There are 2 protein chains.
Amino acid sequence: MTVPDAGPGSAAVRILVCDDHVVVRAGLLALLDSAPGIKVVGEAGTGEEALALAAKLRPDVVLMDLQLGEGIDGVETTRRLTAAPGTAPHVLVLTTYDTDADITRAIGAGATGYLLKAERPEELFAAIHAAARGRTVLSPPVAGRVMANMRSPRPSLTDRERDILTHLSRGLGNREIARALFISEATVKTHLRRVYDKLDVDTRAGAVAVAKEQRLLP
Amino acid sequence: MTVPDAGPGSAAVRILVCDDHVVVRAGLLALLDSAPGIKVVGEAGTGEEALALAAKLRPDVVLMDLQLGEGIDGVETTRRLTAAPGTAPHVLVLTTYDTDADITRAIGAGATGYLLKAERPEELFAAIHAAARGRTVLSPPVAGRVMANMRSPRPSLTDRERDILTHLSRGLGNREIARALFISEATVKTHLRRVYDKLDVDTRAGAVAVAKEQRLLP
DNA sequence: GGGCGGGTCATCCGATCGGTTGACCCGCCC
DNA sequence: GGGCGGGTCAACCGATCGGATGACCCGCCC
């Protein structure tokens, strides 16, 4: 069959760029235009836009930033993109942060690869081609973290523990947290104890610090 | 006099790009190359690099990201650039964050303008030309924050209070903070009280949350 | 020389937190 | 049907924190 916008030989990889920073987006566009075998077919500034454009344009790969400002975030967008029936695009995460929480959530949401914006352009190009074929690509620091996690799995917080932590980071006391979640103060303390253990801290201030540092909270 | 690398008419604005994200940097390069009257003469991935290149290349404007990973940060780089004797370049901050602390510190360090990466490319081009003439340019959200600060000045933390807050965010208790800073526990409590008041919180957890949120700590 | 911001310290008290131990319930999976 | 992870709750106690008040010292600036 003939592909209208493809040159001779193998067709170029069709890309959808999703990033809330217009400058970065426009810059990436210009950068990718110079790359061989890569064609940017669309750009989105929000998750909703990305979903709509992906459905219409059917890109091979979506370049996705995890932080998208307003609306649904990159993880949720990734989940919906990869869960789409039929020809779901491969999602290649391209972001600034390499915290365990971000990596884990992105991979859990179905991302094919995880690159850092500090990556060299050639690596980005190679990763895009790899992602188009469904191959997994991780930036070295990301791969390192994944390995470290395999070796010594970090206990992840339960939903309830995250609830507690969220309220804690608002500065609420145990009684207030209890009231907010319709549970007893004793239960709050139990959860907190487990949160302390998992985060390897022993004060509420420390817990909030780690939570913010590791980007465990929305 | 003739300018070697300038076209006919007025010379192009000579730009030095400083950003630790290679992809963003390369993207910006491609983007700015397409802009009329703007010429990128160099790129740096660290503050140290930026200082060295600025001394050698004498750019009109330095596009500066505040977050630079390793080494000195964007604020310190800006300070040294603008403090340089003779023909110091104008520094145009181009970053992701628009917290009061970042804005205040950047302007205090001598930045000519403060743009967000979410800004439209045309605005960026216009801002660069404006910065070259020494004019101040602020992204709307940034300008808004500056105005809000003028109307109701946020009390800024003293150095000592920042010390206390730093240790607090490590999860230390008052006694430990006191020992670490060689002061009495009573003094720690006094400082903490003032920190609470300034940050508008009433618990240590809340203080840590605000500190992290507002990027008050290094 | 007086005011003021910043830093230091003390005392007192009630409220809260952190630590511990033990318990019950539910859904799920082997 | 027994184990297990997750969630819930209780009671107790010492340690710590938060709140209020008052005080001293120093450097700086008008």
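Only heavy atoms go into these numbers, but all of them, side chains included; no hydrogens, no water, no symmetry mates. All chains are named by letter (A, B, ...) in the order of the sequence lines, taking the proteins before the strands, and each is independently numbered beginning at 1. Keep in mind the model is a prediction, meaning the values are calculated, not measured.
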Check your understanding: Quick one: side chain to side chain donor-acceptor pair (under 3.5 Å) partners of Ser184(A), sequence neighbours excluded?
Key -> Thr187(A)
Study note, to complete from the structure: By salt bridge (charged side-chain N to carboxylate O under 4.0 Å, His left out), Glu185(B) pairs with (sequence neighbours left out) Arg175(B)
Check your understanding: Which parts of residues 164-171 of chain A get close to DNA chain C, meaning a heavy atom less than 4.0 angstrom away?
Key -> none
In a table with atom names and distances, give each donor-acceptor pair under 3.5 Å that connects a side chain of residues 47-58 of chain B to protein atoms at least two apart or in another chain.
residue  : atom : partner  : partner atom : Å
Glu48(B) : OE2  : Ile72(B) : N            : 3.4
Glu49(B) : OE1  : Gly45(B) : N            : 3.4
Arg58(B) : NH1  : Thr87(B) : OG1          : 2.9

Review point. Asp73(A): what forms a side chain to side chain donor-acceptor pair (under 3.5 Å) with it, not counting sequence neighbours?
Key: none
For residues 206-218 of chain B, dump all side-chain donor-acceptor pairs below 3.5 Å to protein atoms at least two apart in sequence or in another chain.
residue   : atom : partner   : partner atom : Å
Lys212(B) : NZ   : Glu213(A) : OE1          : 2.4
Glu213(B) : OE1  : Lys212(A) : NZ           : 2.4
Arg215(B) : NE   : Asp102(B) : OD2          : 2.8

Point to revise | Within residues 203-218 of chain A, residues whose heavy atoms come under 4.0 Å of DNA chain C | key: Thr203(A), Arg204(A)
Check your understanding: Of all of residues 175-199 of chain B, which get a heavy atom below 4.0 angstrom from DNA chain D, listed by number?
Key -> Arg175(B), Lys189(B), Arg193(B), Tyr196(B)
Check your understanding: So what does the secondary structure string of DNA chain C come out as, 5' to 3', with Watson-Crick or wobble pairs under 3.5 angstrom, [ ] for crossing and | for pairs with another strand?
Key -> ||||||||||||||||||||||||||||||
Review point. What pairs with Thr78(B) under side chain to side chain donor-acceptor pair (under 3.5 Å), at least two apart in sequence or on another chain?
Key: none
Practice item. Mind checking side chain to side chain donor-acceptor pair (under 3.5 Å) for Arg105(B) and listing every partner two or more places apart, or none if nothing turns up? Key: none
Check your understanding: Do any pairs count as a side chain to side chain donor-acceptor pair (under 3.5 Å) and have a residue in residues 116-129 of chain B, sequence neighbours left out, and if so which ones?
Key -> Asp19(B)-Lys117(B), Asp65(B)-Lys117(B), Glu119(B)-Ser139(B), Arg120(B)-Glu122(B), Arg120(B)-Glu123(B)
